Amino acid sequence: MYIPINTDGEGFFSEGFVVKFYTKDGTNWVANFKPGWTNYYDVFDYPKLNIVIIIAGGFVYVMSPENKKPIVSYELAVEYALNHNYENLIFSDSSKIFDYNIFENSLWCSKRLSVDGIKDLKIQDNVLFGKTYDLCDTEQWQDFSINLDTKEIKGRYLIEGSSSTTFRKKSWLKFW
């Protein structure tokens, strides 16, 4: 039988994204993740940290195979994810970029970059490059870049006065 995993504490729901976890003691268990509203599903495994990040229909779940509850979850609308080095996972939805730092358990959210789409994401020399759809002025795809160290955004973005935000949760890593 599967264990239902969700972001809002609901007990049961129709079948979502099913993932099998293997624990350190050799046992396993099956989770059924409640999906969000997009068609994006993916699993990112960080075995050295004993962390697995699941994206189910755009919702993000940070899990340890040893626990049947998320370390943290985010009700995003992820449409694409890109692994960046061993400590960050980059997400995009239709309007923003997110940078999840695994070690700090923090999620940075960019300004609103687009109304209707972000595509062609790639990372080169610690800079994220991509295209946003400019629905307002040119109705064309426009280039943008984000320095992943400084979070400086270059290129056109939708709302001039909007700001970036970092959400921090308690650190789940224990250092000794």
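In what follows, residues are counted from 1 in the order of the sequence shown. Just so you know, these numbers come straight off a predicted model, no measurement behind them.
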Close side-chain approach of [X] to [Y], heavy-atom, < 4.5 Å:
| X | Y | answer |
| --- | --- | --- |
| V52 | Y46 | no |
| I146 | W108 | yes |
| T7 | Y74 | no |
| F98 | L76 | yes |

Donor-acceptor pair, [X] side chain versus [Y] backbone, under 3.5 Å?
| X | Y | answer |
| --- | --- | --- |
| S73 | Y61 | no |
| S95 | L113 | no |
| K96 | D93 | no |
| N32 | G16 | yes |
| T38 | V78 | yes |
| N147 | D149 | yes |
| E66 | K24 | yes |

- request: Check the angle between the aromatic planes of F59 and W37 and answer parallel, tilted or perpendicular using the 30° and 60° thresholds.
  value: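 Perpendicular: the ring planes of F59 and W37 meet at over 60°.
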- request: Indicate whether any N or O donor in one side chain lies under 3.5 Å from an N or O acceptor in the other, for D99 and H84.
  value: no
message: Testing the 3.5 Å rule here: is there a donor-acceptor pair between the side chains of D42 and Y80?
response: no
Using distance only, find each side-chain donor-acceptor pair of residues 116-125 under 3.5 Å and give its atom names and separation, not counting sequence neighbours.
none

